[in-house]
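I have placed the structure first, in the form of structure tokens, so that the comments after it can refer back to it.
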Amino acid sequence: MELGLQFGRPLLQGFKYPTISRRQSVLARSSNDSSSNGSLSVKPPKTVPGKAEADVVVIGSGIGGLCCAGLLARYNEDVLVLESHDQPGGAAHSFDIKGYKFDSGPSLFSGFQSRGLQANPLAQVLDALGESVECAKYDSWMVYIPEGEFLSRIGPTEFYKDLEKYASQNAVQEWKKLLDAILPLSAAAMALPPLSIRGDLGVLSTAATRYAPSLLKSFVEMGPQGAFGAPKLLRPFSEIMDSLQLKDPFIRNWVDLLAFLLAGVKSNGILSAEMIYMFAEWYKPGCTLEYPLDGSGGIIDALVRGIEKFGGRLSLGSHVEKIVVENGKATGVKLKGGQFIRAKKAVVSNASMWDTLNLLPRDQLPKSYIDRIKATQQCESFMHLHLGFDAEGIRDDLGIHHIVVNDWDRGVDADQNVVLISVPSVLSPNLAPPGKHILHAYMPGTEPFELWEGLDRRSAEYKKLKAERSEVMWRAVERALGSGFRREKCEVKLVGTPLTHQRFLRRNRGTYGPAIQAGQDTFPGHSTPIPQLYCCGDSTFPGIGVPAVAASGAIVANSLVSVSQHSQLLDAIGI
């Protein structure tokens with residue numbers, strides 16, 4: 001589940017960030033039904049305005065890259081973000097078609113308003129930049145599963161009622177047993193804020209020493225049982241469930257679903273710390289989910305404002321063709337069209353590990369580094385359905401989120417099995433024209449790229465496959481919206497495929513990210529064999545998901561400044 005969360009002064013010099021109008025998106029252009037695939041307009045190669053150098057050059061404006069650039073600007077580093085597309089945000093950008101403002105990716109968020117030591121990493125970055133995201137709050141989503149359909153509420157007690165009705169009394173007891181065991185561990189999981197971490201020995205000062213008292217306190221408060229379980233934080237979450245002898249099929253399936261929505265893997269592949277953090281956010285008294293009133297693009301706008309106010313630069317339509325390595329060090333990048341942008345201190349790639357590899361001269365890389373990247377398994381890709389339609393005939397109590405699971409036995413990671421649906425206009429009507437709704441349905445990281453590989457996007461074969469593979473999303477939407485919805489009456493119909501992801505989001509094979517299983521392997525760190533080249537984003541620690549990529553960007557930014565600068569920032573935001 002793509003969880004979201006939430007930083008000031010001079011304006012950019014030499015480059016003014018364009019007002020985000022959410023024009024037709026690069027993602028949508030390839031999937032409009034009226035033209036099937038669309039095409040990119042041919043434009044002359046762009047040169048970056050202003051000086052062609054910076055202390056740090058960041059490749060890509062995904063959330064990880066923007067968090068890294070924002071903090072670097074906050075640290076008074078001269079930072080330049082180069083984005084290939086005409087919209088910032090990567091997979092989290094928003095786009096506008098016929099007055100409908102769609103999210104291209106993440107839509108389920110929490111923790112934007114959190115502050116302090118235990119705040120979500122993105123909230124901490126935004127706090128450091130003096131920015132915030134205005135949100136609507138809610139506490140439930142509709143679930144459609146083989147056992148039935150129900151409104152699932154977050155919080156410490158509401159879910160018990162659903163378990164009693166749709167599962168069994170045994171499921172209730174096992175859920176209580178699980179919460180009793182893991183919630184005490186949440187203090188330890190949250191006692192070391194990701195914003196304190198850096199990639200050198202300075203971490204002993206900014207993290208280990210600084211937060212030793214809070215870590216010790218959390219272990220004391222956990223008691224013997226909790227402290228005994230603390231080492232499991234870095235093991236797969238399924239091991240905690242196994243140790244508690246949880247066998248109820250509904251509980252096992254439900255936890256697998258939560259893990260998959262959070263990180264693209266089931267409970268046997270996700271770190272316990274990540275799951276426990278989520279449980280602490282969702283199953284504590286008074287907890288809520290949050291949706292940005294301006295969509296996911298509102299998050300991107302806030303990060304860009306933060307970069308701008310501290311003097312950072314963002315150049316859209318600037319496609320990096322290769323990372324330049326001179327005398328064994330990364331010294332800058334070469335853009336399509338030939339312009340060289342010098343990086344005096346570092347180059348940071350927010351691209352995936354596979355796409356970053358393709359930007360590098362192979363003769364400068366150790367074979368072991370190349371082999372590890374090539375051997376890393378990839379998550380599958382996505383299918384998307386973006387719809388704009390009249391609200392007439394749609395029930396007034398329609399919730400923002402709906403999750404459809406067709407068959408537990410196939411597993412939540414099986415293709416064509418789980419569909420997520422977001423209708424954000426029910427909470428934020430300004431995202432659609434008056435009296436209209438927007439909808440984004442998608443199959444998260446389960447669509448095999450092999451089915452699409454090599455297809456001509458203009459061919460009848462591609463169009464036929466697109467219609468066939470999107471039908472499960474259409475059926476899920478019809479189930480969620482009820483008889484008042486008619487697909488033929490939609491004013492906007494956009495279908496995105498793995499080829500859409502690959503082409504327009506610059507994702508190798510359209511992948512969701514590395515399919516790294518906890519306990520079997522770890523996400524790579526942020527340094528590379530090339531001095532002065534760093535990586536952030538979902539190919540690096542701590543992994544996939546909005547909070548994780550925000551943390552990765554922060555870690556890289558912290559690693560590029562002095563310990564004293566880093567400590568001053570932590571003091572400034574009160575953590």
Side-chain angles (χ1 to χ4, degrees), residues 54-75 77 79 81-82 90 121-122 124-125 128 192-208 234 263 271 273-274 303 320 323 325 328-331 333 343 345-360 364-366 368-370 372-373 376 513-514 516 518 521-563 565-566 569-570:
D55 293 333
V56 181
V57 172
V58 178
I59 304 171
S61 67
I63 286 179
L66 292 179
C67 285
C68 180
L71 288 181
L72 285 169
R74 174 71 166 75
Y75 284 129
E77 297 290 332
V79 61
V81 182
L82 300 173
L122 181 53
Q124 292 178 343
V125 171
L192 187 65
L195 215 66
S196 70
I197 301 174
R198 52 189 293 125
D200 57 22
L201 291 178
V203 73
L204 296 175
S205 173
T206 61
L234 298 181
L271 283 177
E274 192 170 0
L303 289 170
V320 174
I323 297 169
V325 179
K329 296 181 180 180
T331 58
V333 300
K345 191 169 184 177
V347 174
V348 178
S349 176
N350 187 207
S352 75
M353 61 170 68
W354 304 280
D355 296 298
T356 300
L357 181 63
N358 290 334
L359 297 175
L360 288 165
Q364 299 285 331
L365 296 168
S368 58
Y369 181 75
I370 298 172
R372 169 165 183 174
I373 292 175
T376 300
I516 293 175
D521 201 355
T522 58
F523 276 83
H526 307 92
S527 61
T528 71
I530 304 293
Q532 298 181 183
L533 173 63
Y534 298 82
C535 295
C536 67
D538 58 23
S539 287
T540 64
F541 175 84
I544 295 173
V546 171
V549 298
S552 75
I555 292 170
V556 173
N558 297 336
S559 302
L560 291 173
V561 300
S562 69
V563 171
Q565 287 177 287
H566 187 181
L569 178 68
L570 296 175

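Side-chain atoms are counted along with the backbone in the values below, which use heavy atoms only and exclude waters and symmetry mates. The shown structure was predicted, so the numbers you read here are calculated from the model rather than taken from an experiment.
His566 places no side-chain N or O within donor-acceptor distance of the main-chain N or O of Val561, the cut-off being under 3.5 Å. Between the side chain of Ser205 and the main chain of Gly202, no donor-acceptor pair closer than 3.5 Å is present. Under the 3.5 Å distance criterion, the side-chain polar atoms of Gln565 are matched with a main-chain donor or acceptor of Ser562. Asn350 places a side-chain N or O within 3.5 Å of a backbone atom of Gly62 that can act as its donor or acceptor partner. Counting only distance, with no hydrogens or angles, the side chain of Asn558 and the backbone of Ser196 share no donor-acceptor pair below 3.5 Å. Judged purely by atom type and a 3.5 angstrom limit, Ser552 has no side-chain atom pairing as donor or acceptor with the backbone of Phe541.
Among residues two or more places apart in sequence or in another chain, the side-chain contact (heavy atoms from CB on, under 4.5 Å) test is passed with Leu569 by Leu71, Arg74, Tyr75, Ala128. Checked against salt bridge (Lys or Arg N to Asp or Glu O under 4.0 Å), Asp55 has the following partners two or more places apart in sequence or in another chain: Lys344. Scored by the salt bridge (Lys or Arg N to Asp or Glu O under 4.0 Å) test, Lys329 finds no partners at all (sequence neighbours excluded).
Residue Cys68 holds its SG atom at 6.5 Å from CG of Leu560, rounded to the nearest 0.5 Å. A distance of 9.0 Å separates CD1 in Ile544 from CD in Glu274, rounded to the nearest 0.5 Å. Remark: Ser349 OG to Leu82 CG distance equals 11.0 Å, nearest 0.5 Å.
Closest approach of Val556 and Cys535 over heavy atoms only: CG2-O, 3.4 Å. When all heavy atoms of Ser539 and Phe523 are compared, the closest pair comes out as C-CD2, 4.1 Å. Of all heavy-atom pairs between Gln532 and Lys345, the closest is CG-O, 3.6 Å. The two atoms that bring Pro366 and Pro529 nearest to each other are CD-CB, 3.5 Å, heavy atoms only. Among all heavy-atom pairs drawn from Asp355 and Ala351, the shortest one is CB-CB, 4.0 Å. In terms of heavy atoms, Val81 sits closest to Gly60 at CG1-O, 3.7 Å.
Just one residue in the list Ile555, Ile59, Val348, Val549 forms a side chain to side chain contact (heavy atoms under 4.5 Å, CB included) with Cys536, and that residue is Val348. For the pairing with Leu360, the side chain to side chain contact (heavy atoms under 4.5 Å, CB included) check across Ile323, Ile370, Thr528 returns one residue only, Ile323.
Taking the side chain as every heavy atom from C-beta outward, Thr540 and Tyr534 never approach each other to under 4.5 Å. Counting heavy atoms from C-beta on, the side chains of Leu365 and Leu357 come closer than 4.5 Å.
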